[in-house]
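Structure first, commentary second.
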Amino acid sequence: MKILGTGSYLPPKVVTNDDLARSLDTSDEWIYSHTGIHSRHIAEADDCTSVMATKAAKEALAAADVSPEEIGLVIVATSTPDYSTFPATACLVQDALGCRNAGAYDLQAACAGFIYALEQGRCWVAAHPDRKVLVVGAETLSRIVDWTDRATCILFGDGAGAVVVGADGDATPRASVKLGADGSGCEFISRAGGARVIPAPGQVPVPFLVLQGRPVFNFAVRTMDAIVRNLCAGVNIEPAALDRIFAHQANGRIIEAVGRRMGLPMDKFFMNIETTGNTSAASIPVALDQAVRSGELREGDRICLVGFGAGLTYGGLLMDWPRV
Ligand code: UT7
């Protein structure tokens, strides 16, 4: 199977660190030195998760030369669905694209969501080689962060990325995959407002994302290092033999620390966090699409996708681009 096409969409409005420093007790110097982020794209009123997902998906379908009718499944990985629980954002995308022969559902594995969704799509195509799957990672994090909390709001941005997966004559799975979770860390990144909360009459809670940065940072470095090593060991190669690593863009300092632990130079890692911030489930598909369109990712490149997120979840996928 292979990734037949990629697409992405970042909303046009750009918010810089200096813009944030006008209303928050922070600075470009602090944010850049602690995160590697300089600016992020923020959705305006006419964009939301399903709309951005649809724009990215249209690009991916065009690049793959696949019609909406050929899609058998639409999976949207997101932590910021249009509706709080249902309907699934994937159903809105399915309708907007005209994927009238497709099932559609959302997948919630936070920032690791795209890797989980790609793995589901890949397995589904292996079972139904005559059908194609649309896998999207899309987020409107700007609508769930507390813009008065300098420890969280500086990190996040909005956007969407998408891929189309199909059998292309050969439905044998090629990629090596590792998915994992450690629910004991669930309190480190969370957003309340679900069925845990007994609603009080007349009270409409507006829950924000809450984050304990340090333990997440440490978990991320330890886990991404282990996943990449583990996947490489499984195919008897050293991590240095990888052409590129697409690590979840949560914090540039996390990726630098992973590189140091692995003894790898930073140019092994595709980086776009400086201008995107952390776009959660959109981060890896946006990076893939940018690398494809800029010519940085070429057929046959051996790459590793690796991510982590709230849950805590983690996952990695090692592939020879574009074969999965
Ligand atoms: O996709 C997964 C999502 N989450 C993550 O990936 C988060 C991972 N963690 C991180 O990226 C980092 O832990 C942060 C960037 C969130 C924070 O960086 P840190 O180096 O861990 O800083 P800290 O939380 O230990 O805070 C150090 C100081 C504190 O001041 P005091 O108590 O030492 O006086 C904070 O109040 O920095 C202060 N601080 C800030 N100062 C200026 C926190 N945020 C800011 C800010 N501007 N924006």
Side-chain angles (χ1 to χ4, degrees), residues 6-24 26 28 31-32 35-62 74 76-85 87-97 106 108 110-111 113-114 134 136-162 191 193 204-211 248-250 272-290 293:
T6 64
S8 65
Y9 173 79
L10 296 170
K13 181 178 171 188
V14 171
V15 174
T16 66
N17 294 343
D18 286 333
D19 293 334
L20 294 179
R22 281 189 205 106
S23 55
L24 277 177
T26 189
D28 179 49
I31 299 172
Y32 191 76
T35 68
I37 299 167
H38 178 65
S39 61
R40 68 287 291 146
H41 294 258
I42 299 294
E44 293 189 273
D46 52 348
D47 270 328
C48 60
T49 301
S50 69
V51 172
M52 294 190 290
T54 302
K55 289 174 181 171
K58 275 187 180 159
E59 271 197 12
L61 288 169
V74 178
V76 175
T78 186
S79 300
T80 47
D82 281 18
Y83 291 82
S84 60
T85 49
T89 299
C91 293
L92 308 177
V93 175
Q94 174 269 335
D95 179 51
L97 292 171
D106 289 355
Q108 212 313 39
C111 305
F114 178 76
L134 177 64
V136 188
E139 303 283 9
T140 322
L141 291 153
S142 62
R143 307 246 162 97
I144 66 160
V145 298
D146 177 354
W147 286 100
T148 66
D149 175 8
R150 67 178 184 174
T152 56
C153 72
I154 53 119
L155 292 170
F156 297 101
D158 301 330
R191 185 186 179 211
V204 183
V206 185
F208 292 123
L209 175 159
V210 292
L211 167 72
H248 167 47
Q249 305 283 302
N272 64 4
I273 192 166
E274 187 170 344
T275 56
T276 61
N278 177 351
T279 60
S280 191
S283 141
I284 289 175
V286 167
L288 284 176
D289 184 52
Q290 290 179 343
R293 285 173 198 272

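We use all heavy atoms of the structure for the numbers below, so side chains are in, but hydrogens, waters and symmetry mates are not. Note that the structure is a prediction, hence the values are computed from the model and not measured.
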Quick one: does L209's side chain get under 4.5 Å of F156's, heavy atoms only? yes
Under a 4.5 Å cut-off applied to non-hydrogen side-chain atoms, are H41 and M52 in contact? no
Under the side-chain contact (heavy atoms from CB on, under 4.5 Å) rule, what do K58 and L97 come out as? Steps first, then yes or no, please. CA-CA 7 Å; K58 275 187 180 159; L97 292 171; 3.5 Å; yes
Test your reading of the model: is there a side-chain donor-acceptor pair from Q249 to the backbone of I273, 3.5 Å cut-off? yes
Is the shortest heavy-atom distance from the side chain of T26 to the side chain of I31 under 4.5 Å? yes
Taking only residues two or more places apart in sequence, or in another chain, which ones meet S142 in a side-chain hydrogen bond (donor to acceptor under 3.5 Å, both in side chains)? D158
Contact check, side chains of L20 and V15, non-hydrogen atoms, under 4.5 Å: yes
So, Q108 side chain and A110 main chain: donor-acceptor pair closer than 3.5 Å or not? yes
Which heavy atom in G161 sits nearest to a heavy atom in A282, and how many Å separate them? N-CB, 4.3 Å
side-chain contact (heavy atoms from CB on, under 4.5 Å) with Y83: which of L92, D106, T49, T89? L92
Determine yes or no for a side-chain-to-main-chain donor-acceptor pair under 3.5 angstrom, with S283 supplying the side chain and T279 the backbone. no
Where do D82 and C48 come nearest, in terms of heavy atoms and distance? OD2-SG, 3.4 Å
OG1 on T140 to CD1 on I42, rounded to 0.5 Å: 10.0 Å
R150 side chain to A21 main-chain N or O, any donor-acceptor pair under 3.5 Å? no
Distance-only donor-acceptor check, side chains E139 and T80, under 3.5 Å: yes
T35/L155 under side-chain contact (heavy atoms from CB on, under 4.5 Å): CA gap, chis, key distance, verdict: CA-CA 8 Å; T35 68; L155 292 170; 3.7 Å; yes
Judged by atom type as modelled, is there a donor-acceptor pair below 3.5 Å linking the side chain of D146 to the main-chain atoms of F208? no
Tested for side-chain hydrogen bond (donor to acceptor under 3.5 Å, both in side chains) against R40, the lone hit among D19, N17, T276 is N17
Does the side chain of L10 come within less than 4.5 Å of Q290's, by heavy atoms? yes
Counting distance only, does the side-chain N/O of R191 pair as donor-acceptor with the main-chain N or O of P207 below 3.5 Å? yes
Over all atoms of both residues, closest heavy-atom pair of A56 and S8: CB-CA, 3.7 Å
Are any of the side-chain nitrogens in D47 or K13 under 4.0 Å away from the carboxylate oxygens of its partner? no
Note: P81 and S84 closest approach over all heavy atoms is CG-O, 4.1 Å
Closest approach of V136 and F114, non-hydrogen atoms and distance? C-CD1, 4.4 Å
Looking only at heavy atoms, which two atoms of S280 and L141 are closest? And how far apart? CB-CD1, 3.7 Å
What's the separation between atom CG in D149 and atom CG in L211, rounded to the nearest 0.5 Å? 8.5 Å
